[in-house]
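Since the structure comes first, as structure tokens, the remarks are kept for the end.
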Amino acid sequence: MDLDKLQELIRIFEASDLSEIEIEESGRRMRLKKPRPVMSYAGQMIPMQPADARGTQMVLHESVTAVPASAPVRAEKEPEKVITIDSPMVGVLYVAPSPGEPPFVHPGDTVDEGQAVCIVEAMKLMNEVTAKYPCVIVKALVENGEPVEFGQPLFVVRPIEQV
Amino acid sequence: MDLDKLQELIRIFEASDLSEIEIEESGRRMRLKKPRPVMSYAGQMIPMQPADARGTQMVLHESVTAVPASAPVRAEKEPEKVITIDSPMVGVLYVAPSPGEPPFVHPGDTVDEGQAVCIVEAMKLMNEVTAKYPCVIVKALVENGEPVEFGQPLFVVRPIEQV
Amino acid sequence: MFRRILIANRGEIAVRVIRACREMGITSIAVYSSADQESLHASLADESICIGPPSASESYLHMPAIIAAAEICDAQAIHPGYGFLSENPKFASVCRECNINFIGPTPEALALSGDKAACRKKVKAAGVPVVPGSDGIVTDPDDALKLAKEIGFPLLVKASAGGGGKGMRLAHNDVALKNALSMASSEAQSAFGDGGVYLEKFLENARHIEFQILADHHGHIITLGERECSIQRRHQKLIEETPSVRLTYSLRSKMAKAALRAARAINYTNAGTVEFLLTPDNQFYFIEFNARIQVEHPVTEEVTGIDLVKEQIRIASGEALGYSSVAPTGHAIEARVYAEDPEANFAPSPGNVGQCHLPGGPGIRVDTHLFAGYTVPRYYDSLLAKVIARGRNREEAIHRLAGALEEFATEGVKTTARVCARIIRSDRFLRGDLGPDLIEQFVPKSR
Amino acid sequence: MFRRILIANRGEIAVRVIRACREMGITSIAVYSSADQESLHASLADESICIGPPSASESYLHMPAIIAAAEICDAQAIHPGYGFLSENPKFASVCRECNINFIGPTPEALALSGDKAACRKKVKAAGVPVVPGSDGIVTDPDDALKLAKEIGFPLLVKASAGGGGKGMRLAHNDVALKNALSMASSEAQSAFGDGGVYLEKFLENARHIEFQILADHHGHIITLGERECSIQRRHQKLIEETPSVRLTYSLRSKMAKAALRAARAINYTNAGTVEFLLTPDNQFYFIEFNARIQVEHPVTEEVTGIDLVKEQIRIASGEALGYSSVAPTGHAIEARVYAEDPEANFAPSPGNVGQCHLPGGPGIRVDTHLFAGYTVPRYYDSLLAKVIARGRNREEAIHRLAGALEEFATEGVKTTARVCARIIRSDRFLRGDLGPDLIEQFVPKSR
């Protein structure tokens, strides 16, 4: 079975309310299974299984060893891995050392290891957030003055390979 | 399929988070299933699924119609399928029509379809239990005067093929 | 006291009785159909025995299976719970013949309370007001029409052997009445094997108020106060509370006295409930007697501190009531969580419950047989859980219950938890304006 | 009244506070570490925010993270629960500086109750008997030896900043005392960053009785009665109940008066607990003040009907206590279910809880953050659930609680549910003979 066909199938499956779909064709069979649904407390949603197991997941067996049993195959083209600088603490993000001054970085800038990219303020304390490795700032994900959680992605970056 | 391949598959499966794997290829099908764990209330154990499904279990079909789908085939050597006459009701089992009389059947006896094999008494009512098909009584599983539940196996039998 | 009790029921009430037994040091014996092999009541009981296939008529309703199980397990008594065989006089007398103690009233009292037309007569004779209607069964349509002239429309045609809204028809004129008679009668015939019907005046905007009774075998009889059960869907209760905001002190004591008279009139023993309709002009009328533990019994337990199931067992074992009156404190409300889809006129929603979350915390009680992974069988009543909130006052109970119902979460099956929460949070409910139409504002399709 | 409250805690107490907020119509804001992303408190709250990595010192104990979260979420008040920052005067004053209402006592009262040696002095000066011992910190071993001669052995060396048995040593003679001083001091230094220790006479076979206090900001202060917490393991409570079978009416009122005096002596406000030791000859001695909501607060709620967490919030918002006394009814017992292995000296048993069953039914309350599939993180306290039983009398409460604990089932983690059930069903417990040694009969390795 070719992949376009497969993608179409997954699209239909995801649009449906089904939890599982099974297809048999010329002695070959595959089973698509959605993860355990999430349940709602007072309207909000709670994942009932580890986050990494979310999303449509499918098991296709061309032969016993063809694919690892749990290998997820996403409907859309597998997106290239996104690398980010995440917030080391909860607080308010500031893009510049102080109001009026220019931002620490702009998209396209190249930053060195240890260079400050923004500030997160917690309890009146200004904490500089620095790059852990040389990289190019691809995109800023949080506006100036916005609150951020611990671990929240702040910048999309592209690491620079050392030669 | 060779056993090494099978072992490998079981290894992969057991390492995975899946609860079930089903593979079919050129008329051959196999199913691996992990047990639903049991939990204990006040010391006693409660099977969270029918007892016969405990332990990593696998069902292998050389052809779809060969064996009824539920026939358990353990990783170890396959035990021969046991066929029984089960109790149609809860009550007390009697092997003879009335005390002193000879039992309806003995091991080794051949019984016809509809022939009485024992009595189950419920609320003073004597209910004859009959064979659904011609068969040989291999073994009696319940003693005279013992209580039986609904669906409890009473006799092991060997069906007689009609020619 | 009994050493071994068999519970001839399933679901939350079986679990409830098992817990009472465990508390009293009595060995509990559960019976289950092959569909309930994995059920909580079969797991929690000290012993359990499979009595038949899924169909209730071959298991929980099948007397020979129940009796045989009781004899095999050497049970000294059977607790019937509610529904199934709980109000079946035949079953109660079979138990008697087999020297098994039936935890409930006598077969005679059951026969009388089950024959609604005859029960009306008895109670009326005892001086308790009954809803205007026919004296006993009506067979001749002309008698019905004559009666209709006297007491006026709208009229309710009810099955004498009926319950749960089955074999019940409303008529606004002669033609409708004639049809209602034959339809109700045939419906009753097929549902209860008894086509007898009687007439009652239909009372508009009446509130449903019932009184809990306890009567021992030594002539003591008391009432534990009322429960208001006006919030219903498809003639089945959804939300119950005690005390009723509708009752004044004097009205309450008047109705309580009437309830005791009604119970005495049919020589009632053990736990029972007297149901009344209360009209907007404070007239109350006896409608029927429930000769069993009620689904909504917990609200009474929460305000009185009295364990009604333990009392049932004590009374059945011959013990005398240890008290002549009770002083309820606080307020309690129960919401029934059914595996039903409120969006689809409360159609049953059986299936596998994956993950689930039951509420807890201060003032919250949950009676349920639910657990994560439980499969709700399609064969039986769809009651999944009862959530009961206790508060120092009605407002506290309301906010606790609403919060608990909003917490209640099940995966895989739809439930009535959310719609109950919305009803309870509504201004009308807060005001205590519990007309039968209240529910319609929340589930338009429910009628 | 507050519109938005941040809960600076996790586990069952966070869930408890969230439920109180929901009942009061207050928006609840949960904070959680990355280890608690899937936890119930983060799910149940109206809003939730991740404040740091698993380590408590970088999350639940990290003031800047908590304060920043409160400011970001525009919380008007913070409920600290118990443990973590709940009794930290610095945190209370930081809240004050940031104009966030700390739901608890003032920083000054916290500082005083936290300095056990100084608190002893204050309370003693107020005329409340304290355990014979040193007036304040002891630094010079010779002073210690001199004191030992006066009051006699055995002596307890306790950390002034201590709690939970840390920095505590028992000494039976001079040599042991010298070692105990230095060991306790260094242990206290590392555990609390304060090496100050003081001496107390060790009272044999004393019972642990505490009184619940509520004090508002308008000068009203009341006690809601006592809790007996004599069943402990590793200096941590396991089973608590109210009322205490050990107290007569007169002794109870004497101790209650002393508790109120002690609370006034340190100008206490909000909910707090005064802990006493009661000797076999009916002498009682103040030991310490718990300036927070207690783990065992539900038993008091069950017999008084008063919601202590709601009262904490009301008091913090400036409301006055609406009553000057309470009349407890019935009996309540709590058992703590820890994720621990009683067979292995109560070693923590973290891990994934697969299937689980929580008890329910009449008189049973469960406060927990547990759900099927929950993973018990290894970073925090191992308390999984509190099972509380209410009964008309002690016997009924005992049988209900024992039955509920026997029902309690978890897969994957070991718990203290069963051992608690065995203790409660023991003759000694039934007799009310709750000596500190009782537990040893059930878990020999627990000392």
Side-chain angles (χ1 to χ4, degrees), chain B residues 17-20 33-54 57 70 72 84-95 99 118-130 132 141-154, chain C residues 6 8 15 18-19 21-22 27-55 58-60 62-75 90-91 93-95 97-100 352 354 369 371-375:
Chain B
D17 292 339
L18 296 186
S19 65
E20 193 172 335
K33 200 165 174 187
K34 279 185 193 154
R36 288 270 296 287
V38 300
M39 66 195 286
S40 143
Y41 293 84
Q44 91 201 83
M45 300 302 278
I46 302 168
M48 279 295 147
Q49 68 169 168
D52 62 11
R54 282 180 221 160
Q57 147 186 353
S70 65
T84 58
I85 296 175
D86 303 338
S87 176
M89 70 201 63
V90 56
V92 177
L93 178 133
Y94 294 110
V95 298
C118 67
I119 280 172
V120 173
E121 181 238 312
M123 216 165 87
K124 313 278 174 292
L125 273 165
M126 299 297 170
N127 310 278
E128 279 193 347
V129 179
T130 58
K132 303 253 168 313
L141 300 170
V142 181
E143 297 282 310
N144 187 50
E146 274 185 15
V148 292
E149 284 187 296
F150 169 81
Q152 181 175 336
L154 305 177
Chain C
L6 180 138
V15 170
I18 289 164
R19 284 172 173 155
C21 289
R22 179 170 288 176
T27 299
S28 58
I29 301 155
V31 297
Y32 61 93
S33 77
S34 51
D36 278 337
Q37 192 157 18
E38 309 290 305
S39 69
L40 190 58
H41 78 283
S43 313
L44 273 184
D46 298 319
E47 301 173 17
S48 60
I49 179 166
C50 184
I51 54 166
S55 143
E58 297 172 80
S59 54
Y60 300 107
H62 190 47
M63 296 188 204
I66 305 273
I67 297 294
E71 287 174 336
I72 287 172
C73 299
D74 189 26
K90 175 94 172 51
F91 182 64
S93 47
V94 169
C95 286
E97 290 153 21
C98 299
N99 295 314
I100 298 168
N352 182 274
H369 55 295
F371 57 85
Y374 173 64
T375 298

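First the proteins, then the strands, lettered A, B, ... as listed; each starts at 1. Below, all heavy atoms of this structure are taken into account, side chains as well, without hydrogens, waters or symmetry copies.
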Discussion item. If you apply the rule side-chain contact (heavy atoms from CB on, under 4.5 Å), what do you find for C/Y32 with C/Q37, and how did you get there?
Written reply: CA-CA 7 Å; C/Y32 61 93; C/Q37 192 157 18; 4.2 Å; yes
Worksheet item: Please walk me through it: do C/H62 and C/I51 pass side-chain contact (heavy atoms from CB on, under 4.5 Å)?
Response: CA-CA 9 Å; C/H62 190 47; C/I51 54 166; over 6 Å; no
Item to complete: Kindly determine whether C/C50 and B/V90 satisfy side-chain contact (heavy atoms from CB on, under 4.5 Å), including the steps that lead there.
Response: CA-CA 7 Å; C/C50 184; B/V90 56; over 6 Å; no
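The structure places CD1 of B/I119 at 11.0 Å from CG of B/L125, a figure rounded to the nearest 0.5 Å.
No part of C/T375 comes within reach of chain B, as not one of its non-hydrogen atoms sits under 4.5 angstrom from that chain. Interface residue B/V148: only backbone heavy atoms are found under 4.5 Å from chain C. Using a 4.5 Å cut-off between heavy atoms, C/V31 makes no contact with chain B at all.
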